[in-house]
Enquirer: 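Would you mind keeping the following structure in view while I ask a few things?
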There are 2 protein chains.
Amino acid sequence: MSAHTSRRERLRQATLEEIHAAARKLLVERGSAAVTINAVARQVGMSGPALYHYYAGHDELVGAVTADFFRELAAVMEQARDVRADAPIGDRILAVCRAMRAWATTHPAEFGWIFASPIAPPNRRPESVRHQAAVRFERVLLDLMIELWRTRPFPVPDPDGLPASLREQVTAYSAAIGGRLPPEAAHVFLSCWIRLYGLLCMEVLHQLDFAYTDLEPVFEECLRELAVTVGIDYHAAA
Amino acid sequence: MSAHTSRRERLRQATLEEIHAAARKLLVERGSAAVTINAVARQVGMSGPALYHYYAGHDELVGAVTADFFRELAAVMEQARDVRADAPIGDRILAVCRAMRAWATTHPAEFGWIFASPIAPPNRRPESVRHQAAVRFERVLLDLMIELWRTRPFPVPDPDGLPASLREQVTAYSAAIGGRLPPEAAHVFLSCWIRLYGLLCMEVLHQLDFAYTDLEPVFEECLRELAVTVGIDYHAAA
DNA sequence: CTAGATTGCTTAGAGTCATTAAGGAAACAT
DNA sequence: ATGTTTCCTTAATGACTCTAAGCAATCTAG
């Protein structure tokens, strides 16, 4: 499937990497509006339309670069998980969340780009590289929560206490993840996800600048609450 | 200060309104990328450069339209508050939050535009119309929380339990709002704000589509938690 | 009521962007 | 050695931002 590494293929891969690097450089240095086909091509040393041999258009380039970011973010989180493969599950969860924020804050342009850039219809299709990479990212924490649920189930709300509409939706989601979390546990996971990811989202989009200059302690507070919610030990970063 | 309503001034105001309406129409019908100087001018029936007599450029037009949206959102929230001027403070808080989400979900393009559109440097300046309108929006819930704090103080964490950095920041924010909430209470307010606004932010940016089709019950759940946090009675919408 | 300034618009034009089309040259396969 | 594929170029279209120059209607003052 993979290494049909002809000379041509290798050159093509190298060019693709150069293109992605150029796009990223433009994004970081001059903002998302600067990531244009022409500007990227100029940066790489080709002229304009040459890029169409690599991507069908601007949307596809954007999707590919976004997928890169998702993959890099997921890799950072997976690494935080794997270097502690023998640590308690709670520690690994905290480490993964911190790795997520660390990447977000050290790469604000990239992280902001991930959700603030409008998702073109082709990139919405489940088979798009962007979507695949996003799923991989989302699964890192999900898998850990599944492991936690299996080894040390956390307290869940009474499903009958949830509104019918919500119960239906978390049940559908529970099925979508292969039933590896029951609906009530899926609900708890989603609540945690919303809090963590939502906080980062607001931080990077500068929606909290009016009150905070540094959201690290706010994030830690959020982690502390998460720890209580899913019954793991909170302790500060190593 | 205001009604220097010369004939010219009135015409100018009418044109400005027409411009804003055209920009909004384009945003809603064809997405944020369609809101260009040229397209807006065409819609209004002028040709291109004429718009520069009204706005210095694209950024300023975007800022003005964004300010419109903030003002409309704030007005809807203020109205939800004022039609219940005699209701218990807790009811008014819930009503204002629901009004915020109702506007967000009935005007997803506008609400998304509010934070997903990059904030050009000129619109970051505190004296910009965009910033002024954003402040008015943020103050609606803040003022109610201040009233709640004055009439029926809610439980607050021990300030000594907060990390030093966080304590400093909420203290600064407390001062910035004229000390109308002490730092610990400001911290509680900000936590609530982050949860509510963050949830809407994620909803509108389609960051939760992978799990939910309708976030209304999730938002209500969030309101229920908020009610517990600040000690008001939760009950479903009227 | 009539000059002079102001205001609201126009067209022209420079520079950028996305995208398509047409063609040349290098690399590859047979 | 030849024909195909691949990579890249230039040319061209149409849209966009924004500046410049200029005309005409409207206000302001005398």
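Here is the naming used below: chain letters follow the sequence lines, and residue numbers restart at 1 for every chain.
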Enquirer: Which parts of residues 26-47 of chain A get close to DNA chain D, meaning a heavy atom less than 4.0 angstrom away?
Expert: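 Hits under 4.0 Å, by residue number: A/G45, A/M46, A/S47.
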
Enquirer: Determine the contact category for B/Y55: base if any of its heavy atoms lies under 4.0 Å from a base atom, sugar-phosphate if only primed atoms, P, OP1 or OP2 are that close, otherwise nothing.
Expert: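 The answer is nothing, as B/Y55 stays clear of every strand by at least 4.0 Å.
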
Enquirer: What's the CG-P distance between A/L51 and C/dT20, to the nearest Å?
Expert: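 Rounding to the nearest Å, CG of A/L51 and P of C/dT20 are 13 Å apart.
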
Enquirer: Kindly state each residue pair satisfying salt bridge (charged side-chain N to carboxylate O under 4.0 Å, His left out) with at least one member in residues 99-116 of chain B, sequence neighbours excluded.
Expert: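 Pairs touching residues 99-116 of chain B that pass the test: B/R24-B/E110, B/R101-B/E203.
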
Enquirer: Do the side-chain N or O atoms of B/R12 get closer than 4.0 angstrom to the phosphate oxygens (OP1, OP2) of C/dT7?
Expert: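 No.
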
Enquirer: Only counting residues at least two apart or in another chain, list the ones meeting ring-ring contact (aromatic ring centres under 6.0 Å, His included) with B/F219.
Expert: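 Not a single residue meets the ring-ring contact (aromatic ring centres under 6.0 Å, His included) criterion with B/F219.
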
Enquirer: Under a 3.5 Å distance rule, please check whether A/R84 uses its side chain to pair with a backbone N or O of A/A80 as donor and acceptor.
Expert: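 Judged by distance alone, yes, a pair lies under 3.5 Å.
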
Enquirer: Kindly determine whether A/W103 and A/F70 satisfy ring-ring contact (aromatic ring centres under 6.0 Å, His included), including the steps that lead there.
Expert: CA-CA 11 Å; A/W103 193 86; A/F70 268 122; 9.0 Å; no

Enquirer: Got a donor-acceptor contact below 3.5 angstrom from the B/S174 side chain to the B/V170 backbone?
Expert: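 Absent.
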
Enquirer: Using side chain to side chain contact (heavy atoms under 4.5 Å, CB included) as the criterion, point out the one residue from A/M145, A/E147, A/R98, A/R81 that pairs with A/I93.
Expert: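 Only one option passes, and that is A/M145.
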
Enquirer: Whether the side chain of B/S128 engages the backbone of B/R124 through a donor-acceptor N/O pair (distance < 3.5 Å, no angle test) should be reported.
Expert: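 No; judged by distance alone, with no hydrogens or angles, the pair does not exist.
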
Enquirer: Please figure out whether B/L11 or B/G57 has its closest DNA chain D nucleotide nearer the 5' end.
Expert: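 Looking at the nearest nucleotide for each, B/G57 comes out on the 5' side.
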
Enquirer: Measure from the side chain of A/Y52, starting at C-beta and using heavy atoms only, and say which of D/dT9, C/dA18, D/dT19 lies closest.
Expert: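 When the side chain of A/Y52 is considered, C/dA18 is the closest of D/dT9, C/dA18, D/dT19.
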
Enquirer: Which parts of residues 58-66 of chain A get close to DNA chain D, meaning a heavy atom less than 4.0 angstrom away?
Expert: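 Residues of residues 58-66 of chain A that come under 4.0 Å of DNA chain D do not exist, since none gets that close.
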
Enquirer: Expressed in angstrom and rounded to an integer, what is the separation of A/E9 atom CD from C/dA27 atom C1'?
Expert: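 Taking CD of A/E9 and C1' of C/dA27, I get 14 Å after rounding.
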
Enquirer: Which whole-number value in Å describes the distance from B/Y54 OH to D/dC18 P?
Expert: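 Going from OH in B/Y54 over to P in D/dC18 covers 18 Å.
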
Enquirer: Could you tell me whether the side chain of B/H53 has a donor or acceptor atom within less than 3.5 Å of a complementary atom in the base of C/dC9?
Expert: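 Answer yes: a donor N or O sits under 3.5 Å from an acceptor.
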
Enquirer: Kindly state each residue pair satisfying salt bridge (charged side-chain N to carboxylate O under 4.0 Å, His left out) with at least one member in residues 27-43 of chain A, sequence neighbours excluded.
Expert: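 Listed once each, the pairs are A/K25-A/E29.
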
Enquirer: Among all residues two or more places apart in sequence or in another chain, which pass the ring-ring contact (aromatic ring centres under 6.0 Å, His included) test with B/H20?
Expert: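 Residues passing ring-ring contact (aromatic ring centres under 6.0 Å, His included) with B/H20: B/Y55.
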
Enquirer: Nearest of C/dT20, D/dC8, C/dA12 to any side-chain atom of B/P49?
Expert: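 Given the options C/dT20, D/dC8, C/dA12, the side chain of B/P49 is closest to C/dA12.
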
